[in-house]
Amino acid sequence: MAKATTATIVSDATTVDPGEAVLKPNSSTPGQTEVSLPVWEGEGIRAGIWEVSPGTFKSKRDGYDELCQILSGSATITEANGNSFDVAAGSFFVTPAGWEGSWAVHETLRKVWVIHDAVSD
């Protein structure tokens, strides 16, 4: 018999309470906070909602790809090669395994994230 499954629903990802924010450990801005609300996890895939306050931090994608949909706020992301791009509500982007860069968050930013574990060759 097949296993029954049900949908996981967040009625409004822009306003759901993600929980209590904590100091962002890799921030170069004193007092910058973040919070992540895991929403779903399956084999090699996780999804959730993340929020970060204004400030700057470095980021790496060690062993996973991340798909990001910005819900609110804004930031400038600068890749290791010096290319930069701005993100705001409506922006969608992917940072693949091995990606490195830095974020300059201009106003509190909230995103939906989906992480896919990278497969080693």
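- By the 4.5 Å heavy-atom criterion applied to side chains, R110 and V16 are counted as neighbours.
- For the atom pair W113 CH2 and L67 CG, the distance stands at 11.5 Å (nearest 0.5 Å).
- Nearest heavy atom pair, residue V35 against residue A21, reads CB-CA, 3.8 Å.
- Not one N or O on the side chain of S91 forms a donor-acceptor pair closer than 3.5 Å with the backbone of I70.
- Across every non-hydrogen atom of A13 and V112, the tightest pair is CB-CG2, 4.2 Å.
- Side-chain contact between V10 and L37 is absent, with no heavy-atom pair separated by less than 4.5 Å.
- The side-chain heavy atoms of V22 and T33, taken from C-beta on, include no pair separated by under 4.5 Å.
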Donor-acceptor contacts under 3.5 Å from residues 93-101 side chains, at least two apart:
| from | atom 1 | to | atom 2 | distance (Å) |
| --- | --- | --- | --- | --- |
| T95 | OG1 | R61 | NE | 2.8 |
| W99 | NE1 | E79 | OE2 | 3.0 |

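- The closest donor-acceptor contact from the side chain of T56 to the backbone of A104 lies at 3.5 Å or more, if one exists at all.
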*Working for side chain to side chain contact (heavy atoms under 4.5 Å, CB included), residues I45 and D117*: CA-CA 6 Å; I45 298 175; D117 292 335; over 6 Å; no
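- Within the 6.0 Å centre-distance limit, the rings of W50 and W103 are counted as a close aromatic pair.
- The cluster map of Ile, Leu, Val, Met, Phe, Trp and Tyr, joined by side-chain heavy atoms under 4.5 Å apart, puts I77 and L109 in the same cluster.
- E51 is listed as a side-chain neighbour of T108, based on a closest heavy-atom distance under 4.5 Å.
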_With side chain to side chain contact (heavy atoms under 4.5 Å, CB included) as the criterion, how do T76 and V105 come out once you've worked through the C-alpha distance, each side chain's angles and the decisive distance to 0.1 Å?_
CA-CA 7 Å; T76 300; V105 179; over 6 Å; no
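- Just one of S53, S72, S74 meets the side-chain hydrogen bond (donor to acceptor under 3.5 Å, both in side chains) condition when paired with E107; it is S74.
- Looking at F57 and V52, their side chains come closer than 4.5 Å, going by heavy atoms from C-beta outward.
- Ion pairing between a basic and an acidic side chain is recognised when a charged N comes within 4.0 Å of a carboxylate O; E66 and R46 show no such pairing.
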